[in-house]
Number of protein chains: 2
Amino acid sequence: MTQHTLDASSITRGDGLVDKAYKVIRDAILSRRLAPGSRLSVPEFARQLDISRSPVREAIARIEYEGLAESTSHRGAVVVQIGLDELISIYDLREVLEGLAARLATRAADTTVIDDLEQNWQAHHDAVESGDVERHMELDAAFHGHIRDAAGNLRLSDNLRQLQGQIRIAMTTTVARRGGMDAALAEHRTLIDAIRGGDPAVAENVARDHITRLRESLHDAALADHHHIDERHET
Amino acid sequence: MTQHTLDASSITRGDGLVDKAYKVIRDAILSRRLAPGSRLSVPEFARQLDISRSPVREAIARIEYEGLAESTSHRGAVVVQIGLDELISIYDLREVLEGLAARLATRAADTTVIDDLEQNWQAHHDAVESGDVERHMELDAAFHGHIRDAAGNLRLSDNLRQLQGQIRIAMTTTVARRGGMDAALAEHRTLIDAIRGGDPAVAENVARDHITRLRESLHDAALADHHHIDERHET
DNA sequence: CGATTACATATTGCATGTAATTTTATCGCC
DNA sequence: GGCGATAAAATTACATGCAATATGTAATCG
């Protein structure tokens with residue numbers, strides 16, 4: 001294999017090679033240049049990035065730990081494949097974590113947080129109106145990012161970020177990402193109002209309902225997808 | 001330093017050295033032979049375990065990912081010190097995760113799960129009656145372990161296990177572990193009944209209340225501790 | 001005498017060597 | 001042509017080498 005899947009341009013030899021290898025590989029996975037099932041070869045990446053195998057090995061270990069890859073003894077690591085059932089259990093987790101984030105964010109909410117969310121919502125509104133799916137995804141992630149930052153619980157943030165990465169991988173594997181944009185927008189509106197309202201318990205429930213609905217729509221989409229495949233098979 | 005803090009007896013040279021080093025070091029931390037603040041020296045551990053530095057380095061990285069140690073560039077890793085505020089935020093997380101575990105366990109609960117919990121409760125009851133704090137801690141952990149196993153969500157289990165490790169470290173750093181044994185026992189009773197009752201939402205709330213009360217008692221204990229110290233200073 | 005600098009020592013971070021194991025390629029055979 | 005055994009190549013897991021950096025200590029200076 002002579003074609004490079006990793007972008008070595010951002011690597012500067014000399015300091016923090018593990019971090020840099022980690023970012024490059026992670027980016028390759030999340031952008032699907034490394035699809036689920038792809039092998040993460042230590043010597044291959046070391047060649048591509050023009051660094052030694054040690055930092056690459058460490059970077060891959062980190063990726064594994066984040067749940068983006070899994071390895072078996074003496075056979076190396078591959079990008080994880082996340083099925084629908086696993087995706088559901090990820091959303092089970094996400095539901096309670098986003099709920100907690102909303103609750104804590106409501107406790108801590110000052111005007112800047114609310115402003116950030118309002119700004120996000122406006123941009124999100126425009127994106128949805130013009131049917132820009134990519135930007136919708138981006139702003140949706142940013143919305144939840146604001147809330148978890150406002151929550152001020154580092155472990156919570158890490159866990160949510162980790163789930164987000166796995167969700168991104170699963171999305172390609174199983175279900176399409178379009179659809180439900182309007183609903184998401186409306187639910188974000190409700191959540192912003194709840195946070196402004198100042199009752200942590202209410203905000204938590206609104207956030208949880210939001211994620212629950214995402215999970216359900218995911219389930220439906222997967223069923224539809226399945227049905228679609230069945231139909232094609234029947235042809 | 002010639003005294004060994006790690007127990008190398010369980011290491012067999014030849015396969016899976018990273019896992020073995022990881023377990024030994026983790027055990028040393030959780031058993032407090034390596035107190036918070038202790039340095040985790042790669043060459044020192046390699047000497048003690050009589051293996052090379054590579055697997056030791058990897059094992060320590062894993063310990064870091066788990067939140068049991070933290071490292072700064074070119075200065076190596078030290079066992080984390082977890083203050084009261086951080087412990088509180090750990091319990092915030094734990095609250096919603098144990099709630100989720102109880103909810104999922106209730107969905108999945110068969111007679112064996114309930115039986116396990118009942119058996120645990122009996123043993124726990126005996127331990128509390130005889131004032132055995134160590135055994136109380138052990139059975140308390142086992143109780144929650146049964147529930148999260150029954151929940152059948154791997155990521156959830158990992159997250160809870162990780163928090164449990166950090167809680168163990170924090171307990172020494174900040175607050176005593178005795179106290180609240182009777183309350184814990186009573187609340188476990190309520191939770192078992194809720195799981196048997198079969199309503200997932202109820203079980204979730206009971207579990208969350210249980211953890212919330214633990215967090216609050218923790219807070220109180222810390223305050224009392226603080227007060228105690230102040231009084232001694234006044235003498 | 002305390003603070004600062006220079007040096008010695010130890011450790012981290014990365015590079016590379018090597019045996020064991022797995023994967024891939026080659027071959028003979030049906 | 002397809003299939004199984006064998007050999008070659010590549011990869012993993014671990015060991016070790018080495019330069020850069022940090023820590024501790026002694027010498028120097030104000």
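Below, read A as the first sequence line, B as the second, and so on, with proteins coming before strands; counting in each chain starts at 1.
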Side-chain donor/acceptor of B/Ser54 to base of D/dA13, under 3.5 Å: no
- prompt: OP1 or OP2 of D/dC14 less than 4.0 angstrom from a side-chain nitrogen or oxygen of B/Ser52, does that happen here?
  reply: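 Checking B/Ser52 against D/dC14: no side-chain N or O falls below 4.0 Å of OP1 or OP2.
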How close or far is atom [atom2] of [N] from atom [atom1] of [X], stated in whole angstroms?
| X | N | atom1 | atom2 | value |
| --- | --- | --- | --- | --- |
| B/Ile60 | C/dT11 | CD1 | P | 12 Å |
| A/Arg53 | C/dA15 | CZ | P | 10 Å |
| B/Asp19 | D/dA13 | CG | C1' | 12 Å |
| A/Leu17 | D/dA20 | CG | P | 14 Å |
| A/Arg57 | C/dA15 | CZ | P | 15 Å |
| B/Ile51 | D/dA13 | CD1 | C1' | 12 Å |
| B/Lys20 | D/dC14 | NZ | C1' | 13 Å |
| A/Arg47 | C/dA15 | CZ | P | 15 Å |

- prompt: A/Ser71 near the nucleic acid: base, sugar-phosphate alone, or nothing, with a heavy-atom cut-off under 4.0 Å?
  reply: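 A/Ser71: no heavy atom of the nucleic acid under 4.0 Å.
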task: Answer with base, sugar-phosphate or nothing: what part of the nucleic acid does B/Leu40 contact at a heavy-atom distance below 4.0 Å?
output: sugar-phosphate
- prompt: Relative to each other, are the rings of B/His144 and B/His210 parallel, tilted or perpendicular (30° and 60° limits)?
  reply: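 Because their plane-to-plane angle is under 30°, the rings of B/His144 and B/His210 count as parallel.
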Short heteroatom pairs, N/O only, protein and nucleotides 20-23 of chain C, under 3.5 Å:
{"from": "C/dT23", "atom 1": "OP1", "to": "A/Arg75", "atom 2": "NE", "distance (Å)": "3.4"}

- request: Could you please spell out the steps behind the salt bridge (charged side-chain N to carboxylate O under 4.0 Å, His left out) verdict for B/Arg215 and B/Glu98?
  value: CA-CA 13 Å; B/Arg215 179 181 54 222; B/Glu98 295 280 7; over 6 Å; no
message: What verdict does the salt bridge (charged side-chain N to carboxylate O under 4.0 Å, His left out) test give for A/Arg62 and A/Asp19, after you've listed the backbone C-alpha separation in whole Å, the side-chain angles of each residue and the deciding distance to 0.1 Å?
response: CA-CA 10 Å; A/Arg62 234 166 107 178; A/Asp19 275 353; 2.6 Å; yes
Backbone N/O of B/Gln166 and side chain of B/Arg168: donor-acceptor pair under 3.5 Å: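 Side chain of B/Arg168 to backbone of B/Gln166: no pair is present.
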query: Within the distance-only criterion (no hydrogens, no angle test), does the side chain of A/Asp92 pair as donor or acceptor with the backbone N or O of A/Glu95 below 3.5 angstrom?
result: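 The answer is no, because no donor-acceptor pair under 3.5 Å joins these two groups.
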task: Verify the distance criterion only: is there a donor paired with an acceptor across the side chains of A/Arg39 and A/Ser41 at less than 3.5 Å?
output: no
- request: Using the side-chain contact (heavy atoms from CB on, under 4.5 Å) rule, pick out the option among B/Leu68, B/Val79, B/Ile63 that qualifies with B/Ile25.
  value: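 Only one of B/Leu68, B/Val79, B/Ile63 forms a side-chain contact (heavy atoms from CB on, under 4.5 Å) with B/Ile25, namely B/Ile63.
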